[in-house]
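First the proteins, then the strands, lettered A, B, ... as listed; each starts at 1. All values below were derived from every heavy atom in this structure, side-chain atoms included, with hydrogens, water molecules and symmetry-related copies excluded.
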2 protein chains.
Amino acid sequence: MAITMRPSQALRLWQQVVLSEIRDDAPDLTMRQMAILLTIYLEPPPHTVRGLAARLGVTKPVITRALDTMGGLKLVARHRDENDRRNVLVRRTVEGALYVERFGDAIIARALDLPI
Amino acid sequence: MAITMRPSQALRLWQQVVLSEIRDDAPDLTMRQMAILLTIYLEPPPHTVRGLAARLGVTKPVITRALDTMGGLKLVARHRDENDRRNVLVRRTVEGALYVERFGDAIIARALDLPI
DNA sequence: TCGGACTGTAACGCAACCGAAACGTTTTCG
DNA sequence: CGAAAACGTTTCGGTTGCGTTACAGTCCGA
């Protein structure tokens, strides 16, 4: 069953989720960072810098910097690919999995609160 | 009927919408700017700087600067309140309404595409 | 084996954002 | 009236993100 909603519901859902993200103390990720994080956690590995850049339609340095930032937050981890040492493999972390899980729950909670 | 979805659906929906926003050429708004824009368009006027700041839990300069940026993009407009000239009233624009409308449609489209 | 192709990163310059504090204008009220 | 309060903006110093470009390490084929 596909998810269906009206425009006003979709917009209000988005507003509520964004508002809750702004309020809590967690450092807000940029839209690009969020896209990278979700891609890493929703799509099957392995994830490389190049692959992520192509997937998102951004340049590689954008990925590198986002990994710097999110690595500092322990949301993702970098490891050199031992089979092809040119590659960097981006791996999930416990903290990142928890972050993504909480975020999904937040969306669902806001969706349930939507006016009919 | 409340909107219900599973965590994986919610996360994938968010990912798809964010991805589509990153890809298109339109300048991406920050999370705060998006929250302000949606608040202006979803909640009844009048909207003041102070009111928006309180609603979002941010400082007034954050609102002022976001209005500068989004005003430049014609997404919102500022007008002095003639009844109390200390206030600035934030008004909607045709361009902003169109932007918000398109954004809502994008969410719905991505929701329909979600895997079951 | 060695030059080219490929990977990710660093460096540069620019722009935008942030919080805190100071500011000018307008209103309120003692 | 005149001082205090309220409103939005500006300024300050600092941080962060972006795109472009240039670079160092690694792999591979002639």
**Student:** Write down the distance between CG (Asp28(A)) and C1' (dG17(D)), rounded to a whole number of angstrom.
**Tutor:** 13 Å
**Student:** Kindly say whether Thr30(B) contributes a backbone atom to a donor-acceptor pair with the side chain of Gln33(B) at under 3.5 angstrom?
**Tutor:** yes
**Student:** Determine the interplanar angle of the Phe103(A) and Trp14(B) rings, folded into 0 to 90°, and report it as parallel if under 30°, tilted if 30 to 60°, perpendicular if over 60°.
**Tutor:** perpendicular
**Student:** Calculate the interatomic distance between Arg78(B) atom CZ and dT9(D) atom C1'; express it in whole Å.
**Tutor:** 9 Å
**Student:** Output a table of nitrogen or oxygen pairs between the protein and nucleotides 1-4 of chain D separated by less than 3.5 Å.
**Tutor:**
none

**Student:** What string of B, S and - do you get for nucleotides 23-30 of chain D 5' to 3' if you count protein non-hydrogen atoms under 4.0 Å?
**Tutor:** --BBS---
**Student:** Enumerate the residue pairs fulfilling salt bridge (Lys or Arg N to Asp or Glu O under 4.0 Å) with a member in residues 100-109 of chain B, sequence neighbours excluded, ordered by first and then second residue.
**Tutor:** none
**Student:** According to a strict under-4.0 Å criterion, is Asn87(A) in side-chain N/O contact with OP1 or OP2 of dG8(C)?
**Tutor:** yes
**Student:** Between protein and nucleotides 13-24 of chain C, map the contacts as a letter string: B base, S sugar-phosphate only, - none, heavy atoms under 4.0 Å, written 5' to 3'.
**Tutor:** ----SBBBB---
**Student:** Could you report the tightest heavy-atom contact between Val90(A) and Leu52(A), atom names first, then the distance?
**Tutor:** CG2-CD1, 4.1 Å
**Student:** Does a salt bridge link Asp28(A) with Arg32(B), judged by any charged N lying under 4.0 Å from a carboxylate O?
**Tutor:** yes
**Student:** Do Leu89(B) and Ile63(B) sit in one hydrophobic cluster, given that two such residues count as connected whenever their side-chain heavy atoms are within less than 4.5 Å of each other, even indirectly?
**Tutor:** no
**Student:** Mind calculating the distance between NZ (Lys60(A)) and P (dA10(C)) to the nearest angstrom?
**Tutor:** 13 Å
**Student:** Send over the distance from Met70(A) CE to dT16(D) C1', rounded to a whole Å.
**Tutor:** 14 Å
**Student:** How close or far is atom C1' of dT16(D) from atom CG of Leu73(A), stated in whole angstroms?
**Tutor:** 12 Å
**Student:** Give me the residues of residues 39-47 of chain B where at least one heavy atom lies under 4.0 Å from an atom of DNA chain C, by number, or none.
**Tutor:** none
**Student:** To check you understand the geometry: which heavy-atom pair defines the closest contact between Gly51(A) and Thr48(A), and what is its length?
**Tutor:** N-OG1, 2.9 Å
**Student:** Could you name each residue pair satisfying side chain to side chain donor-acceptor pair (under 3.5 Å) that touches residues 61-71 of chain B, not counting sequence neighbours?
**Tutor:** Asp68(B)-Arg78(B)
**Student:** Expressed in angstrom and rounded to an integer, what is the separation of Asp68(A) atom CG from dG8(C) atom P?
**Tutor:** 14 Å
**Student:** Should we count CZ of Arg50(B) as having more than 12 external heavy atoms under 6.0 Å?
**Tutor:** no
**Student:** Please determine whether a side-chain nitrogen or oxygen atom of Thr64(A) lies at a distance below 4.0 Å from atom OP1 or OP2 of dT9(C).
**Tutor:** yes
**Student:** With a 4.5 Å heavy-atom cut-off, do Val88(B) and Asp81(B) have their side chains touching?
**Tutor:** no
**Student:** Evaluate the side-chain proximity of Leu19(B) to Arg55(A): yes if any heavy-atom separation is below 4.5 Å, no if none is.
**Tutor:** yes
**Student:** Determine the minimum heavy-atom distance between Ala10(A) and Met5(A), stating which atoms define it.
**Tutor:** CA-SD, 3.9 Å
**Student:** Report yes or no: do Ser8(A) and Arg6(A) form a side-chain donor-acceptor pair below 3.5 Å?
**Tutor:** yes
